[in-house]
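Every chain is numbered from 1 and lettered A, B, ... according to where its sequence line falls, protein lines coming before strand lines. Keep in mind the model is a prediction, meaning the values are calculated, not measured.
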There are 2 protein chains.
Amino acid sequence: METAEVTKRLREQGITPTNQRIRIAAVILEKTWHFSAEQLLEETNREGKVASKATIYNTLDLFARRGLVKQLVVDPDRVYYDSSTHHHHHFFDPDTQQLFDIQPDQIDIKLPAALPAGKEIADVSVVIQLRSAQQTVKAA
Amino acid sequence: METAEVTKRLREQGITPTNQRIRIAAVILEKTWHFSAEQLLEETNREGKVASKATIYNTLDLFARRGLVKQLVVDPDRVYYDSSTHHHHHFFDPDTQQLFDIQPDQIDIKLPAALPAGKEIADVSVVIQLRSAQQTVKAA
DNA sequence: CTGCTTGCAAAGGCTTTGCAGAACA
DNA sequence: TGTTCTGCAAAGCCTTTGCAAGCAG
């Protein structure tokens, strides 16, 4: 994605476009992918240092609040982000720490009618943990 | 739950029953609840010190591997555990960091037919994030 | 100019680990 | 007795923060 378009996207979300944010957003929006803060940092600075670790964390937080990326809680060890904010679900492979999208037509949920009092649904997340098919689980 | 029964449960799961493990398991199995390592530590030592933080973490890891408790990944800040290993899903309220069970008959999922090659499903987790009902979400 | 943004390094919170002493079988 | 378990403190890892310098408008 070219700088001009990224800048436009940022302004549309009410985000002041700085050099770092433009570069970071360009890296994120370049493709559909799942990434950790660490991975984003590395990718952002691949061709010369653009942003620090602190800026990556601050920017991810900002982007998530503005709906540019979606935070995923699937790995107990770190937070992942999704460059796609469309509502979809995930496979998670703990062996490789990889996330795969589940296409919306592949899954279907009937949500509960009753919610705790005074609450409404903010988000629904379905995570299917994978394991190698030949692996047998020892009986408990 | 009395000591004798807890001890029996531990042996059934192939866990050597030590003083600490018996007390920890008794606290966990006393009721149906969701807890963090910190909460379990506090509850375990409520009436006199029984176990250290290291032992709590080691024991939780062991219990989870043996299927006595279930690890929940719902909060980016810490891992929660569930004293019930029956398959069910959760509401999570980020404001209070509280988890509520969703009764199995309240939710219904049609799982994907296609899985990544060589993989099978290890676990399915549905987490419904809540927010206060009157709260309006600012348009992005 | 004036306020927001960035970066460094240090701090913070949760979790794991090394190692010596204690408990289990 | 030999192995496993426990506890303390220190270390580790991911993430946040304080503060001074830099950039956007």
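The phosphate of D:dG7 has OP1 or OP2 within less than 4.0 Å of a side-chain N or O from B:Ser52. The shortest distance between the side-chain N/O atoms of A:Arg78 and the OP1/OP2 oxygens of D:dT15 is not below 4.0 Å. For the pair B:Ser36 and C:dC14, the criterion of a side-chain N or O lying under 4.0 Å from OP1 or OP2 is not met. In this model, the phosphate group of D:dT17 is not approached by any side-chain N or O of A:Lys53 to a distance below 4.0 Å at OP1 or OP2. Between B:Thr18 and D:dC5 there is no side-chain polar atom (N or O) within less than 4.0 angstrom of OP1 or OP2. An OP1 or OP2 oxygen of D:dA24 is reached within less than 4.0 angstrom by no side-chain nitrogen or oxygen of A:Arg21. In this model, the phosphate group of C:dT16 is not approached by any side-chain N or O of B:Tyr57 to a distance below 4.0 Å at OP1 or OP2.
Per the geometry, CD1 belonging to A:Ile22 stands 10 Å off P belonging to C:dT6, to the nearest Å. Between A:Phe63 atom CZ and C:dT5 atom P there is a gap of 11 Å when expressed in whole angstrom units. Residue A:Leu60 contributes atom CG, which lies 13 Å from atom C1' of D:dT16 at whole-angstrom precision. Residue A:Asp75 contributes atom CG, which lies 13 Å from atom P of C:dT15 at whole-angstrom precision. Note: CD1 (A:Ile56) to C1' (C:dT5) measures 14 Å, nearest angstrom. Atom CG of A:Leu62 and atom P of D:dT15 are 17 Å apart (whole Å). Between the C1' atom of C:dC8 and the CD atom of A:Gln20 lies a distance of 14 Å, rounded to the nearest Å. Between A:Arg23 atom CZ and D:dC23 atom P there is a gap of 19 Å when expressed in whole angstrom units.
A salt bridge does not link B:Asp95 with B:Arg131: every distance from a Lys NZ or Arg NE/NH1/NH2 to an Asp or Glu carboxylate oxygen is 4.0 Å or more. Using a cutoff of 4.0 Å between basic side-chain nitrogens and carboxylate oxygens, A:Glu43 and A:Arg46 are scored as salt-bridged. A salt bridge does not link B:Arg9 to B:Glu5: none of the charged side-chain nitrogens sits closer than 4.0 Å to a carboxylate oxygen.
Each end of the helix from C:dC1-D:dG25 to C:dA25-D:dT1 gets its own axis, taken as the rotation carrying the C1' atoms of four end pairs onto the next four within a five-pair window, and the two axes meet at 30° to the nearest 10 degrees.
In this structure, CD1 in B:Ile56 is found 5.0 Å from CG in B:Leu41, a value given to the nearest 0.5 Å.
Partners of B:Ser84 according to the side chain to side chain contact (heavy atoms under 4.5 Å, CB included) rule, which considers only residues two or more places apart in sequence or in another chain, are B:Thr32, B:Asp82, B:His86, B:His88.
Between C:dA25, C:dT6, D:dA24, one nucleotide has an atom nearer to the side chain of A:Thr16 than all others, and that is D:dA24. For A:Val79, whose side chain is taken as the heavy atoms from C-beta onward, the closest listed nucleotide among D:dT15, D:dT17, D:dC5 is D:dT15. Here the nucleotide nearest the side chain of A:Lys49, chosen from C:dC8, D:dC8, C:dT6, is C:dC8.
Using modelled atom types and a 3.5 Å distance limit, the side chains of B:His89 and B:Asp101 yield no donor-acceptor pair.
A:Ile128 and A:Val73 fall into different hydrophobic clusters, where Ile, Leu, Val, Met, Phe, Trp and Tyr are joined by side-chain heavy atoms under 4.5 Å apart, directly or via other members.
Nucleic acid contact for B:Asp61: none, since no nucleic acid atom lies under 4.0 Å from a heavy atom of the residue. Across all strands, B:Arg11 comes closer than 4.0 Å only to sugar-phosphate atoms, never to a base (heavy-atom distances).
For B:Pro76 and B:Val50, each mapped to the nucleotide of DNA chain D holding its nearest heavy atom, the one lying further toward the 5' end belongs to B:Val50.
The aromatic rings of A:His34 and A:His90 sit perpendicular to each other, their planes meeting at more than 60°, with 30° as the lower class boundary.
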